[in-house]
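Everything on this sheet refers to the single structure shown next.
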Amino acid sequence: MAYKVLARKWRPNLFEDVVGQEHVTQTLKNAIINDRVAHAYIFVGPRGIGKTSLARIFAKALNCKKGPTITPCGECDMCREITAGNALDVLEIDGASNNGVDQVRDLRDQVQFAPTSGKYKIIIIDEVHMLSTAAFNALLKTLEEPPAHVKFIFATTEGHKLLPTIISRCQRFDLRRIQTPAIVKRLSYICSQEKITITEDALLAIARGAEGGMRDALSALDQLISFKGNELTEEDVLAVFGLVSRESLETLSSAVLKGDMPQILRMIDQFDSVGKDMTRLVVELMEHFRNLLIYHHIGDEMSTMDATLEQISVYAEQKKLVDATRVLQITDQLGEMEGRLRYALSVRTLIELSLIRCARISQSVPLEAILKRLNALRASGAFMAPATEPEAVAEPTPAPKPEAAAVSQAEAFSQSTPVPEVQEEAESSKPVKKKKSAEEVAQVTQSLHDDPSLGLAQDILKGAKVIDVED
């Protein structure tokens, strides 16, 4: 018998085998139990997450000899034919190659005939968004009021391309990407059944590379087995797919959070020299800081989300290095860099510059901290003027009037060389600097405290010279 790849060999045959789509499987099972099966369904989601598998399982559940049932036997002729893809009552159509009006007209003619051996005639159209607008319009009437023995199941990766008139006639299910722990658990089970020895870090590396797709993960595992045999390690995964190890990724992220720029540059040089996928590195860094941001807000509850226990322990340590505000700014910077990579002439240079900016962000003081510090200083009265009365300024002693009989030598000189009147006016108009009272000093100081200016806040925190309010 010809070899069957793992993605086909371990394709789900029961609702319980479908990983990560409990919200869909539970709804379909309840519909069968309560006899509320609709005439049309749409499964929307990215590649390799179980859309076509769910369609086949649902078809077996409806047409099984014991059915309709939520647990198809898999042994009867109908179940075996549906699994093999050659059942007469279950038509699987590729929307990309059968997207014209003529094909839809042929389909309308076929659904008028009763099923040959099953209870229902089930039409499965994969990549249904590839149908032309005319083909969709030709299908509308049949889709809205099909014969009682006909069920439609559509699958697509681009649900936004479907016409609203089609969506309104179907029950839509949005399938989500499978979380990393769920992929790791499923791969571990398959490896145990296939007698494959593999480390936990290797499983995690495969799951990271799959980006939420179970089929991608199984295809990668199949390739690794062909490459290294029945004993697999993380180094094997990294060598084949050009990924960065989890430990190296965490070390790089810690260097960014600590502002260790020499370490950042050394690691980027190392990754580039051994041929790592630098674009993939940026994506994984974004994912890491996204998870760190989530951990800042929900803590250990993240164990139910897309992270393993080992990753959560790392997030707990990195949380002590930086607050959530700066993590958000770093993630924004990485997102901006990711959008510029496709146009960059030097990917390595762009990554180095962006990570240096991220390191500077991690060491900067956020505006919230500055305002909080200012409020604390104002509450403590650190800049309030002392409540003591200012020293009294002695009034100038009036010059004695010169006697008529005795004129001093200075007066004689002044009389002999008179000063121009313009100069006298300038000197007389020069403002006299007066000492401010304690109340005025307190008012000016309070106005400085209430000023939210960022420049003043930074000057105060940097230890700049305090403004003399008396000036």
Result block: side-chain N/O donor-acceptor pairs under 3.5 angstrom for residues 202-215, not counting sequence neighbours:
| from | atom 1 | to | atom 2 | distance (Å) |
| --- | --- | --- | --- | --- |
| R208 | NE | E284 | OE2 | 3.3 |
| R208 | NH1 | V244 | O | 3.4 |
| R208 | NH2 | V244 | O | 2.6 |
| R208 | NH2 | E284 | OE1 | 2.6 |
| R208 | NH2 | E284 | OE2 | 2.9 |
| E211 | OE2 | R280 | NH1 | 2.2 |

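- Pairs passing the ring-ring contact (aromatic ring centres under 6.0 Å, His included) check and including a residue from residues 42-67, sequence neighbours excluded, read Y41-F58, F43-F173.
- Taking the ring centroids of H288 and Y315, they lie under the 6.0 Å cut-off.
- Side-chain contact between R360 and M261: present, with at least one pair of heavy atoms (C-beta onward) separated by less than 4.5 Å.
- In this structure a side-chain-to-backbone donor-acceptor pair under 3.5 Å is missing from K121 to V111.
- A donor-acceptor contact closer than 3.5 angstrom links the side chains of S248 and S245.
- Counting only residues at least two apart or on different chains, the salt bridge (charged side-chain N to carboxylate O under 4.0 Å, His left out) pairs with a member in residues 195-207 are D201-R246.
- Side-chain atoms of R326 and Q329 form no donor-acceptor pair, as typed in the model, at a separation below 3.5 Å.
- In this model, no donor atom of one side chain and acceptor atom of the other lie less than 3.5 Å apart for Q103 and N99.
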Check: residues 335-346 side-chain donor-acceptor pairs under 3.5 Å, at least two apart:
| from | atom 1 | to | atom 2 | distance (Å) |
| --- | --- | --- | --- | --- |
| S346 | OG | T349 | N | 3.4 |
| S346 | OG | T349 | OG1 | 2.7 |

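- Counting only residues at least two apart or in different chains, salt bridge (charged side-chain N to carboxylate O under 4.0 Å, His left out) contacts with residues 9-22 comprise K9-E194, E16-K29.
- Under the salt bridge (charged side-chain N to carboxylate O under 4.0 Å, His left out) criterion, the residue pairs touching residues 44-57 are R47-D216, R56-E92, with sequence neighbours excluded.
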